[in-house]
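The structure under discussion appears below in the form of structure tokens.
Heads up: numbering here begins at 1 and tracks the sequence.
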Amino acid sequence: MTIDKNMHYYYQCFSCNKEYSAEEFESAGHYLCPACGKAEKNRPLTGVMRILYDYNHLRKILSRDTFLKSTPGRFWDYPQLWPLMPDNKSPFKNISLQQLQILSLPANPVLNYSLSSQSLLVFDDTRNPTFSYKDRASILVALKAIQNNIHEITMASTGNAGSSIAGICARMGLKAHIFVPKAIPLAKRLQIQSYGAQLYLVDGDYDQAFDLNLEVTTKTGWYNRNTAYNPLTIEGKKSAAFDMFLALQGNLPDWIFVPVGDGVILAGLYKGFYDLHQLGWIEKLPKLIAIQSTGSAAVVRYFETGIFEYEPAETIADSIHAGAPRNLFMADDAIKRSGGFAFAVDDSEIIFAQEKISKNLGILTEPAAAASSAGFLKSMKKGLVNQHDKTMLMFTGNGLKDFGSLERWNETPVAKSVVQWREEFSCKNE
């Protein structure tokens, strides 16, 4: 692909490999591949696009040592690795450094812990601007909208991605339109509304909200942030791989446990490691382990059989609730190319893990984020991972986003008067 002189990246279809210049693809307002892209009801997307760079040129102007001096969370320190228009005065055209700074992510995303006598690395995205991993995608989508003079963004979400784009839009002065299923957790619904976004509550599940949102997008012309449908959602989520690389000074983990719904986090992580490998900065990729709930395990089934059959999803872990994972094919490819594997855990195992990591690590995660811990604990029992390997768990969402799951394992306290409490403690001291 010959890259436009004004652009340093291009688009390639994951399904048919057809390539498009950035100017050609973006000026036409495409999301999926114009040649083969399809967004069918209750089906994974086909024609999902990858964003690629001139790696030969990047190897000449970027060095591993210089890159490792960057700070995690400051993605604008290496503007050449993002599909945004550059500028001589600031990292990106039409975007000030002040705007970028209010979008910064934690500078210490990787933490060291011990769980069940096993040393672990934790990638903690519960402290992001809106308290979930989804901010990594929302930030890039919002910046692209600003560069293209777009003021309204829309998407369908189970909750986290919607609250993420709502919060990022509020920070950047944009308007958000969010379609969510009726069963959205109360905390996430309130978070979306509190950021000032327009909320559309759909009497149906996430897959129905997704399909409806695509229909509405064609009528309104709003910029669509739907996961995988907009290729920038995948590209934005690669920043976690870069932040791992920076935080660990190039010493990446052997295994990474990833909670999986639509499959975009998997694809994003793989893309980040792919970029690092193409630059010659890493020799091998970490093995990606996809963890799903048994009630929403389409990626696991496809990994095992190579066949997709739609089954309505049902799980307490709403953020990984997807009967038709939109990025199924790219996610499956990421697992296999990294040398990883996929398996499912019960909701009861997820809730047990949520309680365990809260009480043992002091990190409050929502059920979807706790799925990575549940998968790790299960893999240890089965001997699937070597205890001496460097293992990382992805914590992708804060526990305060879902009060209902916390109520399952926390007793409701009984109120007593001051006199009653005094009497109780008096008895204990006798």
Side-chain angles (χ1 to χ4, degrees), residues 3 6-10 22 51-111 121 123-125 127-130 132-147 164 167-168 171-172 231-253 265 268-282 285-286 392 394:
I3 299 179
N6 295 324
M7 300 286 196
H8 57 287
Y9 61 97
Y10 62 98
I51 298 173
L52 300 174
Y53 303 83
D54 184 345
Y55 297 103
N56 289 329
H57 176 66
L58 290 179
R59 282 193 288 269
K60 296 175 183 178
I61 63 173
L62 298 176
S63 74
R64 188 178 192 270
D65 291 341
T66 300
F67 186 84
L68 284 173
K69 294 177 182 178
S70 300
T71 302
R74 290 172 52 95
F75 57 91
W76 60 89
D77 281 347
Y78 37 92
Q80 305 91 341
L81 289 170
W82 299 109
L84 296 169
M85 291 179 283
D87 190 84
N88 294 327
K89 298 180 180 179
S90 64
F92 306 116
K93 185 178 179 180
N94 298 333
I95 300 167
S96 68
L97 184 58
Q98 181 180 3
Q99 286 177 299
L100 294 172
Q101 288 172 337
I102 64 175
L103 296 175
S104 60
L105 302 171
N108 60 332
V110 179
L111 307 172
L121 295 171
F123 192 85
D124 184 12
D125 259 3
R127 299 168 292 150
N128 283 353
T130 72
S132 85
Y133 191 105
K134 306 300 176 70
D135 289 342
R136 297 178 178 275
S138 295
I139 286 170
L140 188 58
V141 170
L143 292 178
K144 174 63 76 173
I146 291 172
Q147 285 203 329
S164 173
I168 298 303
R171 292 191 182 205
M172 306 305 287
L232 271 72
T233 59
I234 301 168
E235 194 70 4
K237 290 183 181 180
K238 79 177 183 183
S239 65
F242 292 166
D243 282 351
M244 287 178 203
F245 184 73
L246 294 172
L248 296 170
Q249 285 296 288
N251 298 310
L252 292 170
I265 293 180
L269 282 174
Y270 177 80
K271 177 52 164 54
F273 296 132
Y274 173 87
D275 284 354
L276 293 172
H277 188 264
Q278 290 297 304
L279 290 168
W281 296 351
I282 60 174
L285 278 62
M392 174 178 282
M394 301 294 295

- Message: So which atom in D135 and which in S164 form the shortest heavy-atom distance, rounded to 0.1 Å?
- Response: OD1-OG, 2.6 Å

- Output every pair passing salt bridge (Lys or Arg N to Asp or Glu O under 4.0 Å) with a member in residues 82-95, not counting sequence neighbours, ordered by first then second residue. none

- Item | Nearest atoms (heavy-atom pairs only) where L248 meets M392 | CD1-CE, 4.2 Å

- Kindly write out the residues that satisfy side chain to side chain contact (heavy atoms under 4.5 Å, CB included) with P286, not counting sequence neighbours, or none if the list is empty. L252, I256, F273

- Query: What pairs with N108 under side chain to side chain donor-acceptor pair (under 3.5 Å), at least two apart in sequence or on another chain?
  - Reply: R127

- Query: Say you draw a straight line from CG of D275 to CG of L52; how long is it, rounded to the nearest 0.5 Å?
  - Reply: 8.0 Å

- Task: Sorted by first residue and then second, give each side-chain hydrogen bond (donor to acceptor under 3.5 Å, both in side chains) pair with at least one member in residues 242-253; sequence neighbours left out.
- Result: R136-D243

- Query: For K144, which residues count as a salt bridge (Lys or Arg N to Asp or Glu O under 4.0 Å) partner, sequence neighbours excluded?
  - Reply: E26

- Query: Going from CG on L84 to CG on L143, what distance comes out if it is rounded to the nearest 0.5 angstrom?
  - Reply: 6.0 Å

- Task: Using side chain to side chain donor-acceptor pair (under 3.5 Å) as the criterion, list what pairs up with N128, not counting sequence neighbours.
- Result: D125

- Item | Spatial distance of atom CG (L269) from atom CZ (F242) [nearest 0.5 Å] | 11.0 Å

Validation: residues 76-83 side-chain donor-acceptor distances under 3.5 Å, sequence neighbours left out:
| from | atom 1 | to | atom 2 | distance (Å) |
| --- | --- | --- | --- | --- |
| D77 | OD1 | R74 | NH2 | 3.3 |
| D77 | OD2 | R74 | NE | 3.3 |
| W82 | NE1 | F75 | O | 2.9 |

- Partner set under side chain to side chain donor-acceptor pair (under 3.5 Å) for S104, not counting sequence neighbours: none

- Sequence neighbours excluded, which residues qualify as side chain to side chain contact (heavy atoms under 4.5 Å, CB included) partners of S96? Q98, Q99

- Note on the structure: Residues at least two apart in sequence or cross-chain that pass side chain to side chain donor-acceptor pair (under 3.5 Å) with N56, listed by chain then number, are R59

